[in-house]
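Worksheet for the structure shown next.
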Protein chains: 2
Amino acid sequence: MSLPKDIMPLRAVPCLFPADDADDFQFCSTCAFSSACRDQGYDKAALHELECLVEHIGPFEAGEYLFREGETFNAIAAVRTGTVKAFTVDAAGREQVLGFFLPGEVIGFNAIHDARFPCNVVALDTVMLCRFSFPSISALAARTSALQAQLFRLLSQDIKKAALLAGDFSADERMAAFLLGFSHHYSARGYSAHRFTLAMSRTDIANYLRLAAETVSRVMRRFQEDGLVKVNRREVELLDLPRLEALAQPVLRG
Amino acid sequence: MSLPKDIMPLRAVPCLFPADDADDFQFCSTCAFSSACRDQGYDKAALHELECLVEHIGPFEAGEYLFREGETFNAIAAVRTGTVKAFTVDAAGREQVLGFFLPGEVIGFNAIHDARFPCNVVALDTVMLCRFSFPSISALAARTSALQAQLFRLLSQDIKKAALLAGDFSADERMAAFLLGFSHHYSARGYSAHRFTLAMSRTDIANYLRLAAETVSRVMRRFQEDGLVKVNRREVELLDLPRLEALAQPVLRG
DNA sequence: CGGATTGTTGAGATGCCTCAAGTAACGTGG
DNA sequence: CCACGTTACTTGAGGCATCTCAACAATCCG
């Protein structure tokens, strides 16, 4: 998974919105736009434009709102570091967690439709974002077919993700799929597929999986008793990936 | 909701893939691309290109497959007439209904991501489609910002739709939202908001709502006893829209 | 150290599912 | 047009997965 050296010099080109820290390269290698950046070496002008377009914002501290429900939509944002939670609050004041975003994932695709955010988005720990003005990135996409295609793919991916959660699955299946989601995300980005730290509370997990918090606790304990995982607070170690995959199989398509 | 007369003459312009029947105009007024067509009178060249792009296919009879899971994706399709069901089949052979598509809705957005259909798509009654080659419509979208924006909006809308179903709601809430979905769809297109015919079986409804078929029956009966609806086979009449809206409110965002 | 938050565990309640039987519509062939 | 089988739908009784309620333990934080 080594990156072609020849894209490095681009960092040195003058930019309207110059990147403001040193680990952008590292970041870009895990970002959702990376394939549009890296794979399309033939269109360096467009890649440069994308770099000029990005605004690095943050840091946000845990609990800070990145976006609020109802807010006007004018930019998407990729998570650079940290973890983010999207949720709505219903008439009775109860939270409904829509999803979590890890580094490299893009926030805001569900806001395009009516140009307003349909949910709140809050930092769960210290979060840095890359912000892309949506009109600007759309205009760039019109000139760069690889970028347009990548945007369509990412939007399409979100449809599939949302549909996954909608299936009717048991608590065990949901939990296994949830844990494996992190494993897959991290291992695809060069981190451990076995060990990771959850940034969110049991309550948030339960809410996201449409379970009671108590059920999440019980399933976690049973998984541990069965030797599937080892859990300590929010530290998770996956001990038996094959069995977890088998459990999650109905969720992750059959 | 009257349409500008001045777009009519476009039907007379020679076309590579000439439209093959007389009610295209009627159709286009209910189609998901209609706003990209109608609202953007300033870009008639692009509108013309979109017309040339479309292939009218069908009719398909009830039970015929329009797409099959795993099939290579190369086109999206708008429903012109009829009703369509999308579903997967899990390892144990059980169906999982992902959604229904009514006239004007677009099929295939969830297939972009990995260029293959993640689900089967089957006609529930006699169905006619408008097919748009995805590479072609993408290329056109790159030249026509209104079309690009419309595609982004439609994709984004599908994300929101999928997330709706994913919430944890009671059988009553789901059923009310399901029925109101038809009401809203039809009334937005100039048909009755109160009376319509369901094209799908109770089993399909139940499967889609993640309920047992028996539960759907029972909820329907109770709704009828409470004077909310009048149901006869697949004929539905909504008698008390306000109370149904109130019931469905948690589902249709709070 | 004390209060607040977060997570765990048990006991009982419940909404929905499963199973099983029965009824109604539909199509088919006689 | 009617008997028949088939499919779709309805209804009831009982079971189970998950929720709710309540108490408690652990951790965090000032």
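In this text the structure is predicted, and so the values were computed from the model without any measurement. Residue numbers begin at 1 in each chain, while the letters A, B, ... track the order of the sequences.
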The criterion is salt bridge (Lys or Arg N to Asp or Glu O under 4.0 Å); which residues satisfy it with [X], sequence neighbours excluded?
| X | result |
| --- | --- |
| D240(A) | R243(A) |
| E61(A) | none |
| E95(A) | K85(A) |
| R131(A) | E55(A) |

Contacts under 3.5 angstrom, residues 193-200 of chain A side chains, donor-acceptor by atom type, not counting sequence neighbours:
| from | atom 1 | to | atom 2 | distance (Å) |
| --- | --- | --- | --- | --- |
| R195(A) | NH1 | E237(A) | OE1 | 3.1 |
| T197(A) | OG1 | E235(A) | OE1 | 3.0 |
| T197(A) | OG1 | E235(A) | OE2 | 3.3 |

Members of residues 166-176 of chain B that approach DNA chain C, where some heavy atom sits under 4.0 Å away: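 Nucleic-acid contacts, sorted: S170(B), A171(B).
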For DNA chain C, the residues among residues 204-211 of chain B that have a non-hydrogen atom under 4.0 Å from it: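 Per residue number, the list reads R210(B), L211(B).
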Okay, side chain of [X], backbone of [Y]: is any donor-acceptor separation there less than 3.5 Å?
| X | Y | value |
| --- | --- | --- |
| R174(B) | F169(B) | yes |
| S187(B) | S192(B) | no |
| H185(B) | P103(B) | yes |
| D125(A) | G82(A) | no |

Integer-rounded Å distance: dG7(C) P and R202(A) CZ: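 Computing the R202(A):CZ to dG7(C):P distance gives 6 Å.
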Start and end of chain A contact along DNA chain D [non-hydrogen atoms, under 4.0 Å]: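 Counting from the 5' end, contacts occupy dT18(D) to dC28(D).
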Contacts of type side chain to side chain contact (heavy atoms under 4.5 Å, CB included), residue S217(A), not counting sequence neighbours: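 With sequence neighbours excluded, S217(A) shows a side chain to side chain contact (heavy atoms under 4.5 Å, CB included) to no residue whatsoever.
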Test side chain to side chain contact (heavy atoms under 4.5 Å, CB included) applied to A246(B) - qualifying residues, sequence neighbours left out: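 With sequence neighbours excluded, A246(B) shows a side chain to side chain contact (heavy atoms under 4.5 Å, CB included) to no residue whatsoever.
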Residues from residues 214-225 of chain A lying under 4.0 Å of DNA chain D - heavy atoms: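 Those residues whose heavy atoms fall under 4.0 Å from DNA chain D, taken from residues 214-225 of chain A in numerical order, are E214(A), T215(A), R218(A).
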Pairwise side-chain hydrogen bond (donor to acceptor under 3.5 Å, both in side chains) hits with a residue in residues 220-231 of chain B, at least two apart: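 Qualifying pairs, neighbours excluded: D172(B)-R222(B), R221(B)-E225(B).
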